[in-house]
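Taking it in order: structure first as structure tokens, then the write-up.
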Amino acid sequence: MKAWKAGGLAIVIALSGVGGTAAAGAAPGAARAPGPAQQAVAVGSGGAVASDNVQATRAGIEVLGHGGNAVDAAVAVAATLGVTDPFVAGIGGGGFLTYYDARTRQVYTIDGRETTPASAGPSLFIDPATGQPLAFPVAVTSGLSVGVPGTLMTWQQALRHWGTISLAAALRPAERVARHGFPVTDTFREQVRENAFRFDQIAPTSALFLPGGQLPAAGSVFRNPDLAATYAELGREGVADFYGGALGASVVNAVRHLPLAPGATLVPRPGLMRLSDLAAYTAPRQAPTHVTYQGLDVYGMAPPSSGGITVGESLNILSNFDLRHMTTVQALHHYLEATRLAFADRNRYIGDPSQVPVPERQLLSAGFGRQRACLINPAKAATSPVPPGDPFAGPGGCVPARPALTGQPSDGASTNNLVVADRWGDVVSYTTTIEELGGNGVVVPGRGFLLNNELTDFDFVPIQAGVPDPNLPAAGKRPRSSMAPTIVLRDGRPFLAVGSPGGASIITTVLQILLDRLDFGMTLPQAIAAPRASQRNGATTQAEPDFIALPAAPGLQALGQVFAVADTSPLNPSIIIPPTIGAANGLEFLGRGRVLAAAEPVRRGGGDAAVVSPRS
Ligand code: GLU
């Protein structure tokens, strides 16, 4: 098969909107109407959207243009991404939504994380035949990994609390794209390529994404009539159809009886989900995390995501230094050392707060930030794994309080983040996911969407014997996430909204964008494009080739920073993947109602940014 073409994927996409017979999959050569071209940056007023692709962004602009608010548009964008970005997110998955409400001038969040079925327990990922943990790829492509999806309930809750339109209306643009089709991009085709070895094991997945046993051709029109019908059904029946009704029953059936293709070699490990698990699902509103940095208020996602706390703790650590007046080498060294320390604390203390105590207030205290900051040696990188600190000791001393955890949790690498603002000043930053690229690989038969493998975000066994692990599987528990949809206020008004995919590297990506924008003099589009490195208390720092090529890299290496490029699939090491970190989207509020929308320009084919009224 064709190898990935790294970088430079500047794709000008023609928008769909053609009629014709709805047949699933890609139809080569079908005519299509020209549409707006993909653009990475837009400036203007009246509302703004940045997301992973042009159809999704334009769905949001359409809703905003018809008088909808940011929440209405965010649901329309997310639902469209479920069609055009099906390997990354959709109603088979979950996510976390942060929302700034201009009327109350408060930030709110919704926890739409997937949940473990009631009949599952700590041995969820232990092979009964051997007593050993399942291999990660075996656990992913199974029914066991599927958490009760939270995305639809998140949409419902967001619309109910803050929206102005019905779920049916919010789903309509997405239904149209699913029915009429959209042009297959190089990225879409690439994402099928990376999954073909397992998609061809699952009958409805290979029928949808590998029509005739082939990768969909770039430029052909891809239609998903099953998903269009599913959205239409949800519009008529409401989310009860999923959370206990007929649609939910088809999800449960697919989880418990994996629809294998004839001749499949996959050994199916069925899941434990029941309709009662779906009926019991909730997507609660909860308070955001909060820290101040450079006089700004930074709001993020609280547990079960570790995103808000770990970004916040890192900022608190870095508040003890003046990055603006350091050399680039020293500033980047401090960035890497701060996340090295913060990830030690994340891995030791953060899990689902409904089941384990999470010392959120202590981890986010300025005193704890000082305790951790004094461990940074400007002359030498620390040796990972560094031990977690003691969040109950306040500023404490410079002595690490705990033994280091030797194991490393495993995390996926794909999802998406969308950002929306409306003319009233409301703002949404929303990260949605099905975990691995392609989720668990199972398209629900007749329904047109993939299921998540979010439960593999749990540690399968304690990452170190004898040390409590807050992220072990349990009935009704939500696995720890790294998703970090972030909203930054200046003097109580929106200043930035940002978020990214990338598993645990979401945290470092969001932090790096904030530092690039706030300390290193970059514009938001520059910060979103900048080369990345992600240190997560590992012996090596994951880095993009462009980061290793920076003039500062030799100086960092001289301080003991060791960089490694990750370019193979976590599900199949023989498959080469793009060595990129994150694909962020963000907004910056320029004052007087003007907004700069910035999408990722290159990674994963680039995203799309648009405003309702472009600057003349
Ligand atoms: N499962 C990941 C998390 O919740 C997100 C998926 C990804 O970005 O790879 O942190």
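One-based numbering, in listed order, for ligands and for the atoms of each. Everything numeric in this text was worked out from a predicted model, so none of it was measured. Nothing fancy with the numbering, it's 1 onward along the sequence.
- Each of the atoms 1 (N), 2 (C), 3 (C), 4 (O), 10 (O) of ligand 1 lies under 4.0 Å from some heavy atom of Asp457.
- In terms of polar-atom proximity, Thr433 is not counted as a contact of ligand 1, lacking any N or O under 3.5 Å from an N or O of the ligand.
- Below 4.0 Å from some heavy atom of Glu454 lie the following atoms of ligand 1, by number and element: 1 (N), 2 (C), 4 (O).
- Among the atoms of Ile506, none of the N or O lies under 3.5 angstrom from an N or O of ligand 1.
- Taking Arg274 as the reference, nothing meets the salt bridge (charged side-chain N to carboxylate O under 4.0 Å, His left out) condition, with sequence neighbours excluded.
- Within the structure, ligand 1 lacks Arg480 among the residues with a heavy atom less than 4.0 angstrom away.
- In summary, the atoms of ligand 1 found under 4.0 Å from a heavy atom of Gly503, numbered by their order in the structure, are 7 (C), 8 (O), 9 (O).
- Two rings, from Phe182 and Phe188, have their centers less than 6.0 Å apart.
- Contacts of Glu114 with ligand 1, taken as heavy-atom pairs under 4.0 Å, are absent altogether.
- Against a heavy-atom cut-off of under 4.0 Å, Ser482 is close to the following atoms of ligand 1: 3 (C), 4 (O), 10 (O).
- Residues forming a salt bridge (charged side-chain N to carboxylate O under 4.0 Å, His left out) with Arg478 (at least two apart in sequence, or on another chain): Asp111.
- Each of Thr541, Asn537, Thr540 was evaluated against Ser384; a single residue qualifies, Asn537, per the side-chain hydrogen bond (donor to acceptor under 3.5 Å, both in side chains) test.
- Arg269 places a side-chain heavy atom less than 4.5 Å from the side chain of Asp127.
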